Amino acid sequence: MDLRMDFVPGMLCQLLIVFFCNILATAKAESKYDCDGQLTSSLPQSHFSSSSELSSSHSAGFARLNRRDGAGGWSPLSSNKYQWLQIDLGERSEITGIATQGKYGSSDWVTSYILMFSDTGRNWKQYHQEESISEFIGNTNADSVVHYKLQNHIIARFLRIAPVNWNSYGRIGMRVEMYGCAYRSDMVYLDGKSSILYRFQQKLMSTVKDAISLKFKTMQSDGVLLHGDGQNGDHITLQLVKGQLSLIINLGNAQFHPSPPHVNVSLGSLLDDQQWHSVIIERFSRQVNFSVDRHVHHFFMKGDTYHLDIDYELSFGGIPLKGKSVSLLQKNFHGCFENLYYNGVNIIDLAKRYKPQIYIVGNISYSCMEPETVPVTFLNSNSFLALPGLEQNGLTVSFQFRTWNKDGTLFSYKLGTESLDLVLYITDGKFKMSLFKHGRSQYNTATGFDLNNGHWHSLSFVAKRNRLIVTIDNQETLSLQTVLPFQLRSEDNYYFGGCPDNSTDHGCFSPVRSFLGCMKLISVGSNLIDIISLQQGQIGNFTDLQFDICGIIDRCMPNYCEHRGQCSQTWNDFYCNCSDTGYKGATCHYSVYEKSCEAYKHKGNTSGFFFIDSDGSGPLEPFTVYCNMLDTAVTVISHNNTDMNKVKNSNKENPHVMNFKYFADLAQLQETIDNAEHCKQELTYHCKKSRILHKQSHIPYSWWVGRTNETQTYWSGSSPDVNKCTCGIEENCIDSQLYCNCDADKSEWSNDTGFLSYKDHLPVTKIVITDTDRPQSEAAYKLGPLLCWGDRSFWNSASFNTVTSYLHFPTLHGEISADVSFFFKTSSPSGLFLENLGIKDFIRIELKSPTEVVFSFDVGNGPFGVTVQSPYNLNDNQWHFIKAERNIKEASLQVDQLPQKTIITPSDGHIRLQLNSQLYIGGTASRQKGFLGCIRYLTLNGIALDLEERAKVTPGIKPGCPGHCSSYGNLCHNGGKCVEKQNGFSCDCNFSAYGGPFCKKEISAYFGAGSSATLLFPENYTISRNSSWHSSTQQTDTNSKENIAFSFRTTQSPSLLLFVSSFNKQYISIIIAKNGSLQIRYKLEHHLDPDVFNINAKSLVDGHLQKVRLLRKGEALYIEVNKYTAVKFSLTSSTAFKAVQFLTLGKILAENVDVDLETMKANANGFIGCLSSMHFSHIFPLRTVFYHDKSPQVITTGHISESSCGSVNGIESTSSESTHTFADHSGPKDEREPIANAIRSDSAVIGGVISVVTFILLCITAIAIRIHLQKNTYKKNEAKASENEDNADTTAALKTEISMQNTINESQKEYFF
């Protein structure tokens, strides 16, 4: 047993205990920690500032809550979106709440606002209540107070409130209060050349668990935050790489120590924004929790050790010794650390107190030094920034930018004297420089790539005289140079980000959309632009800019694309690429595959390989199975060892062990097995002096292991509580006192074969054999595929009989995404299908009217609804299908096969569906009008609800729902009759010349030379009369009517296809004449010669499938060949054809049959070829031949075998079908003979390889010949098919049986894959 498997659960439990203890301790500490004090009430007026003030009595100092000083609050000079109120708390504080009022006794109040915070009064960050909620709802009057508790506390010194909306009949007016407490921390600044080393008291620090926590802020996208390594390959490194944090950790096992070491996990994004970010690393043995800003990733490290061995020291901020690093880079961290802890040790505090464990490299300071960089955000398509040009020769512009958009104008400049526009812009993520004249491109050049990746990129543009130079990211390889035929002057305005609306009047041209993103460090000439002066209107002009903040958001972090969907984004939205995932929808949530073979079957699919998704939209991936569409769909899951395995020389010290790997993982297997009514797996076990159980003690010599990883000692045909084999259960073992044949310990071959059917233990994952080391002792075994059938969910249904009845289930959990699907049928015009409520949120699906289904929900942004209008009534008591899905991007509703209706949900606002009531099905406790009818196969997020079990204990509701044939009867084709079952339906094909689950498979036969099949009828038999082997139950007047249809293919002429004779010496003969034409001969009067009708079409003996239909009505005979227009003929008599004596296919063997000469000539040859889908009125000869062959009324001679030769593809389909044939695994007929043919040996392998090569060469030759000699090829192929069928009579017979003991032919299936 794998020790690691034992260790993991215990280790994980310990980690969880530690984790939750920390949470409880933190919660307890916080409960004693009062952090709700007023922060602004005692501040002096000088700590309040604003963008502007209406007058001195409206200044920011009067903006205290509940105060009436001055004019009763703050009001700006102008009420617009550029105004703000700022508060300096005097020191960094923890802010836990905010309250607002309007201006006292006025009509001035703010109805919504955003909150920003900063440590320095520069580089602000916007507060978000949820992922996409940035606005606070404000006041509705001047004096009421609106309080908010901040879900995520703010740590900052400066706060800024920016009004978004205000009373339309007044002005902006505010009074505020902030709540919280003082914040204390230890901080250190590293300049990119320094680091802190924490040295251990001993040479080696070996730990089983570690806890590291810190906060950091930086403007650099790369740098090492933490590093430590050991002599045995142990190492831990935390580093910034392109704005993401990467954690690299190994526990010293060289086998799992790649070079360079792979990054275990990367988290975070845009972490170079000069804002504080929190990091926590928790390790217990090989289990690691890594979190960045509350985004947590759990992972398990490879290896076989549990200790992290670090030599001498841990370094923070860099790696001081060259060549020591195992990281991906060696650039030191440049920025600030706060509250840096390693296993409970405060590293910064030790450094402050000059403790000997700390060694400092370079210069550090214990305060956070921040650069005075002021970014600006271009918010929307109207945003632009215009700066005046300088009177100088040439032009020099530089700036940095970051964006997610593939297209955007960066810089535009008008060359007035030449009527040219110089534009620098991004298109498809690449940088492009172009010259336009009157909107037409005159010059283009491009460089760079992936400039819309969200990282900061620098751009430098220099024009001297007539020479232009552009450099991207300071890389010479990304520079562009060109020469113009004129000199540049810089007198006009410079436009950044876009153009004004009336750009033609301003001399600005933009070939692409406006830039949406951030810019900083904008320089014109040699001057760095003062963004604050720009904001205050002292220079330049702008529209819709946000100053001193970079508002970029990574909408792919966290990634809401499910099931490996690839996330991409723009400034305003994100998108999921669901290609190759097996899922669809805006977030790749809903599976494109069915959950089971049963679901595929009832969509009309026939047997074949299918992807199934056993948990729907759940986490399990789709996988491939073979669906055998019998009366009940059987799911076949194969494994990697399908051969008979020979075992010798095994004992308890050296056992034979075989592990089986399935084409699905254990979780997928378990879900499939749990969803099935029954599962089984055939285990064929042959033995010669090899025992299974000890005679006296019953200690096992051999055993097997299932998916529960438990040893099982019961064998095929037995159950877990009975350690017996099939013969022991049936009491027919070789030795009556033993429970298995093999335990008789005979020197001859014996066998214990049967099915394992206790599904909780299936499938078999391992077989162990230990008793084949004695003289002449050996064993052989073969494990069949896992077979499961009986979908527990697909037909699970409930009947709602009163409008007040309903079912209730636990709350639906689908905060981010949820899907609901079900079938229903009703005769009521309306009704509630489903409802789940929260405090304000809800989700509901209902039938509003006979033609209208509504899916409605509310996640806090107000109710939304999706409605599908059906062109037909849905209350027709037929099954209809509904699928509804809601995610953070859209909501969709589909009814039956009607087009799906989709609405886009708001990108800003609440995104989480928060429900707390029970889930109600069919009605609710509060609603009077419920649902009347049936609901079936109800799944929520891929999980099916057990409606029947809940209905058993609910008044007014019954489990199950009859009447499936009314909806699914059309799936029974070709005269098949739908038969109701308790769970579903089946097709009775006794009324059809076809077979299969839906009566769509042609019943076809290959007739060899001299073969014949004759059906004998009793005297005075009427072809419309019912009989035990005859399918018709209809009483039809056929006195002068025959209806004949069949298909055939042959290369022989003349041939006899069908001959029917009566006791009245009448007969019908259908032959192929010598010239290959079809000839029908009717003899209705014994004293007259037969009527002969020739169909002089092209030759019908070309080996292709020919279809024939005949219909006689009195004297009129209609003949149709290959669906061409029927030809009408006239008979000389309208006498009824009755008293049928016999019907023959192939050669007539009856004696004293009076027939015409041409029929005799055709009969001499008989028929060689294929007959298919034959019926004579309501008689189905081929069905009778194959499925009633024990009846004395059927006589066959020669070789006649069931085949797929009647399919459209002909011979080719025969080989195709053989891939999926079913084989008997019952073992050799003579149990005393060695099973040499079933056991692989070296010579057999070599011979098999030679045979395969030979077979491939023969196939290539046959294909070449077939192109030129199609007829001859057909003959050879038919003969080959006949020979194969002769050698596999058992296989051919089993193909037609509907039996759960069938299993896929393993070798053929393996070849198919």
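These figures come from a predicted structure and were not determined experimentally.
No donor-acceptor pair closer than 3.5 Å links the side chain of Lys689 to the backbone N or O of Pro775. Distance alone, capped at 3.5 Å, is enough to place a donor-acceptor pair between the Gln668 side chain and the Glu621 backbone. Using a distance-only test at 3.5 Å, with no hydrogens or angles considered, no donor-acceptor pair links the side chain of Gln670 to the main chain of Ala667.
Counting heavy atoms of neighbouring residues, nucleotides and ligands inside a 6.0 Å radius, atom CD of Gln231 does not exceed 12 of them. Crowding of Asn732 atom CG: a count of heavy atoms from other residues, nucleotides or ligands under 6.0 Å exceeding 12. By the 6.0 Å contact criterion, CZ on Phe794 is enclosed, its count of non-hydrogen atoms from other residues, nucleotides or ligands being greater than 12.
Ring-plane geometry between His563 and His589 is classed as tilted, the angle between the planes lying from 30 to 60 degrees on a 0 to 90 degree scale. The aromatic rings of His686 and Trp749 sit perpendicular, their planes meeting at an angle over 60°, well past the 30° parallel limit.
Defined by atom type and a distance below 3.5 Å, a donor-acceptor pair is present between the side-chain atoms of Asp613 and Tyr583. Between Asn751 and Asn741, the side chains place no donor N or O within less than 3.5 Å of an acceptor N or O (distance only, hydrogens not considered). Side-chain contact, Thr772 with Ser690: no donor N or O sits under 3.5 Å from an acceptor N or O.
Summarising the geometry, atom CG belonging to Leu945 is positioned 8.0 Å from atom OG1 belonging to Thr939; distances are rounded to the nearest 0.5 Å. Rounding to the nearest 0.5 Å gives a distance of 6.0 Å between CG of Leu786 and CG of Leu762. Rounding to the nearest 0.5 angstrom, the gap separating the CG atom in Leu247 from the CD1 atom in Ile281 is 4.5 Å.
You'll find the side chain of Ile692 reaches within 4.5 Å of the side chain of Tyr685, heavy atoms only.
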(Q) Does Cys742 form a disulfide (SG to SG under 2.5 Å) with Cys687? I'd like the steps, not just the answer. (A) CA-CA 6 Å; Cys742 291; Cys687 53; 1.9 Å; yes

Q: Apply ring-ring contact (aromatic ring centres under 6.0 Å, His included) to the pair His678 and Phe755, showing each step before the final yes or no.
A: CA-CA 12 Å; His678 309 282; Phe755 285 93; over 10 Å; no

Q: Start with the C-alpha gap between Cys740 and Cys727, add the side-chain angles, then the distance that decides, and say whether disulfide (SG to SG under 2.5 Å) holds.
A: CA-CA 6 Å; Cys740 294; Cys727 70; 5.7 Å; no

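Of all heavy-atom pairs spanning Met629 and Pro997, the tightest one is O-CG, 2.8 Å.
Between Lys601 and Asp791, no side-chain nitrogen of the basic residue sits less than 4.0 Å from a carboxylate oxygen of the acidic one, so the salt-bridge criterion is not met.
Tested against Phe610 for a ring pair (Phe, Tyr, Trp, His ring centres under 6.0 Å), the candidates Phe623, Tyr626, Tyr600 yield a single pass: Tyr600.
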